[in-house]
Amino acid sequence: MKYLGKIVTAVISVIAAASIALNVYLLFSQSKSYLESPEQIYIMESGILKNSLEFAEGENIKFQYVFDNGEYSQLMSDYNISEIAGEGTEFEKVLNLMNEFAPRLHHESNYDNHIEMNAISLLEYSLDNKNQGINCRNKAQILNEMCLALGIYSRKVWIMPNSGYDNDCHVVNEVWDSSLNKWVMLDITNNQYWVDENGTPLSVIEIRQRGALQEFCTPVVPGEDTADLDALKEKHISEFLYIMKNMVYMQYLDVYTVGEDSTVYILVPENMNTDYEHIVSESACLSSPY
């Protein structure tokens, strides 16, 4: 009889737990949010960008790109940078580098930046090691030094969110492609670049403007079929919304080389607090680096 009692008690417990679970499910399944779909999230994000579309006035400085750092030769030889980059335009070469190294660098959002901020140290620590991930800032540093070692104008760009309560930003690269005569954004963390409806690669500011005006753009992973760009946008909608969230303002370094220079310039919307030490103008960020 005592075993029967235990069985009955167990059955009652299971029924009770199932009933509680069902009630919780019904409660939350009937609750509604005003953000019901990716489209509604994009409406919110594009509205924020449109309200911040114009930039504040700032210094029209020229960033420095260092091509003769002594560490580049070791980076080139140890990691076969020239061979991996191959032939082609600046953008095509960097695309090859990004596509090679992005899958081999494990991502760790909470990485504490304890490794010295240079490509050689970071690659020694993290390449092909899933137990030692790094964040977007460090991945962008690796790609940036590879580009500079090849003589390609490249810079890290911090893309930043609107909310002062949001401590999650993102760091990407921009490279100057002489055939396109413009900057092009590459996101080594997501292994993606962005294009417009014609398949033309886009810069950070071009993506930002298109997002604000709800004009077409989409992330693309190297090697993907670009015949149906609408389908690609739907496929990558999560990354699309994440980048748009972080397109309110940008941060740049004034010198790009091995490691990070300490001077930061901010490209900030005119309707935001402009109490910053260094504000850079939009024209400085769009202009040719030559």
Side-chain angles (χ1 to χ4, degrees), residues 67 69-159 168-177 184-195 201 204 218-226 232 235-236 238-240 242-243 246 253 256-260:
F67 299 114
N69 190 286
E71 292 191 20
Y72 292 154
S73 58
Q74 181 184 346
L75 180 65
M76 293 280 286
S77 61
D78 287 356
Y79 296 97
N80 302 315
I81 303 303
S82 294
E83 292 81 356
I84 294 170
E87 301 297 327
T89 66
E90 292 95 337
F91 169 64
E92 290 168 343
K93 290 178 180 179
V94 181
L95 203 62
N96 290 335
L97 287 171
M98 181 178 75
N99 195 41
E100 168 68 24
F101 288 97
R104 300 171 62 189
L105 294 167
H106 180 65
H107 188 71
E108 180 56 61
S109 298
N110 296 323
Y111 168 69
D112 60 5
N113 302 305
H114 69 281
I115 298 298
E116 188 176 355
M117 182 66 72
N118 64 73
I120 292 174
S121 297
L122 290 167
L123 286 165
E124 289 175 350
Y125 173 77
S126 62
L127 188 65
D128 299 324
N129 189 336
K130 293 185 177 181
N131 295 318
Q132 295 181 171
I134 54 177
N135 58 26
C136 58
R137 173 183 169 192
N138 294 269
K139 292 181 183 183
Q141 182 65 33
I142 291 171
L143 186 59
N144 216 65
E145 290 185 31
M146 290 179 175
C147 295
L148 294 171
L150 288 171
I152 297 172
Y153 286 94
S154 177
R155 61 195 185 192
K156 289 168 64 173
V157 184
W158 281 252
I159 55 177
D168 175 77
C169 67
H170 196 48
V171 186
V172 296
N173 296 87
E174 278 190 315
V175 299
W176 181 265
D177 185 272
V184 177
M185 187 184 95
L186 297 106
D187 180 0
I188 187 173
T189 299
N190 292 309
N191 196 23
Q192 293 174 339
Y193 63 101
W194 286 57
V195 300
V204 168
T218 182
V220 180
V221 173
E224 285 187 319
D225 184 356
T226 56
L232 279 184
K235 176 182 178 181
H236 299 306
S238 177
E239 297 97 322
F240 177 90
Y242 176 72
I243 294 297
N246 285 319
L253 302 175
Y256 291 95
T257 182
V258 173
E260 287 183 348

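Every value quoted in this text rests on a predicted model; they were computed, and no experiment measured them. Worth knowing before you read on, the calculation uses all heavy atoms, side chains too, and leaves out hydrogens, waters and symmetry mates.
Remark: S82 pairs with M76, L150 by the side-chain contact (heavy atoms from CB on, under 4.5 Å) rule, at least two apart or across chains. Applying the salt bridge (charged side-chain N to carboxylate O under 4.0 Å, His left out) criterion to E100, with sequence neighbours excluded, gives R104. For E260, the salt bridge (charged side-chain N to carboxylate O under 4.0 Å, His left out) partners two or more places apart in sequence, or in a different chain, are R137, K156. Taking T218 as the reference, V195, F216, V220, L229, L232, K233 meet the side-chain contact (heavy atoms from CB on, under 4.5 Å) condition, with sequence neighbours excluded. Checked against salt bridge (charged side-chain N to carboxylate O under 4.0 Å, His left out), K235 has the following partners two or more places apart in sequence or in another chain: E224. Applying the ring-ring contact (aromatic ring centres under 6.0 Å, His included) rule to H170 yields the partners Y242; only residues at least two apart in sequence or on another chain are considered. Remark: E174 pairs with R155 by the salt bridge (charged side-chain N to carboxylate O under 4.0 Å, His left out) rule, at least two apart or across chains. For N173, the side-chain hydrogen bond (donor to acceptor under 3.5 Å, both in side chains) partners at least two apart in sequence or on another chain are N144. Here D78 pairs with Q74 under the side-chain contact (heavy atoms from CB on, under 4.5 Å) rule; sequence neighbours left out. Listed by chain and number, the residues in a side-chain hydrogen bond (donor to acceptor under 3.5 Å, both in side chains) with D177 are T89, S179 (sequence neighbours excluded). Checked against side-chain hydrogen bond (donor to acceptor under 3.5 Å, both in side chains), N246 has no partners two or more places apart in sequence or in another chain. Residues satisfying the side-chain contact (heavy atoms from CB on, under 4.5 Å) test with E71, not counting sequence neighbours, are N69, N118, I120, V258.
With rounding to the nearest 0.5 angstrom, the CD atom of E124 is 12.5 Å from the CG atom of N129. To the nearest 0.5 Å, atoms CG (L97) and CG (L186) are separated by 10.0 Å. Distance CD1/I81 to CG/L75: 4.5 Å, rounded to 0.5 Å. Between atom CG of residue D168 and atom OG of residue S109 there is a gap of 7.0 Å, rounded to the nearest 0.5 Å. Taking CD1 of I152 as the reference point, atom CD of E90 lies at 6.0 Å (rounded to 0.5 Å). One finds the CD1 atom of I188 at 11.0 Å from the CD atom of Q141 (value rounded to the nearest 0.5 Å).
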After noting the C-alpha distance and the side-chain angles of Y256 and Y153, does the key distance pass the side chain to side chain contact (heavy atoms under 4.5 Å, CB included) rule?
CA-CA 9 Å; Y256 291 95; Y153 286 94; over 6 Å; no
Step by step, would you call W158 with L253 a side chain to side chain contact (heavy atoms under 4.5 Å, CB included)?
CA-CA 9 Å; W158 281 252; L253 302 175; 3.9 Å; yes
Are F101 and L143 close enough, and set up right, to give a side chain to side chain contact (heavy atoms under 4.5 Å, CB included), and what steps lead you there?
CA-CA 9 Å; F101 288 97; L143 186 59; over 6 Å; no
Could you give me the CA-CA distance, side-chain angles and deciding distance for I115 and I134, then say whether side chain to side chain contact (heavy atoms under 4.5 Å, CB included) is met?
CA-CA 9 Å; I115 298 298; I134 54 177; over 6 Å; no
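Aromatic ring centroids of Y111 and H106 lie 6.0 Å or more apart.
Among all heavy-atom pairs drawn from C136 and V171, the shortest one is SG-N, 3.4 Å. Between Q192 and P219 the shortest heavy-atom distance is OE1-CB, 3.4 Å. Listed here is the closest heavy atom pair of V175 and S154: CG1-OG, 3.7 Å. Minimum heavy-atom separation, P222 to M98: CG-CE, 3.9 Å. Considering all non-hydrogen atoms of both residues, V172 and A140 come closest at O-CB, 4.1 Å. Of all heavy-atom pairs spanning Y125 and H114, the tightest one is OH-CE1, 3.4 Å.
The side-chain heavy atoms of M146 and L123, taken from C-beta on, include a pair separated by under 4.5 Å.
Within 6.0 Å of CD on E87 lie no more than 12 heavy atoms contributed by other residues, nucleotides or ligands.
Evaluated for a side-chain contact (heavy atoms from CB on, under 4.5 Å) with L122, the options L127, N113, I142 yield exactly one hit, I142.
In this model, a donor atom of one side chain and an acceptor atom of the other lie less than 3.5 Å apart for N138 and N135.
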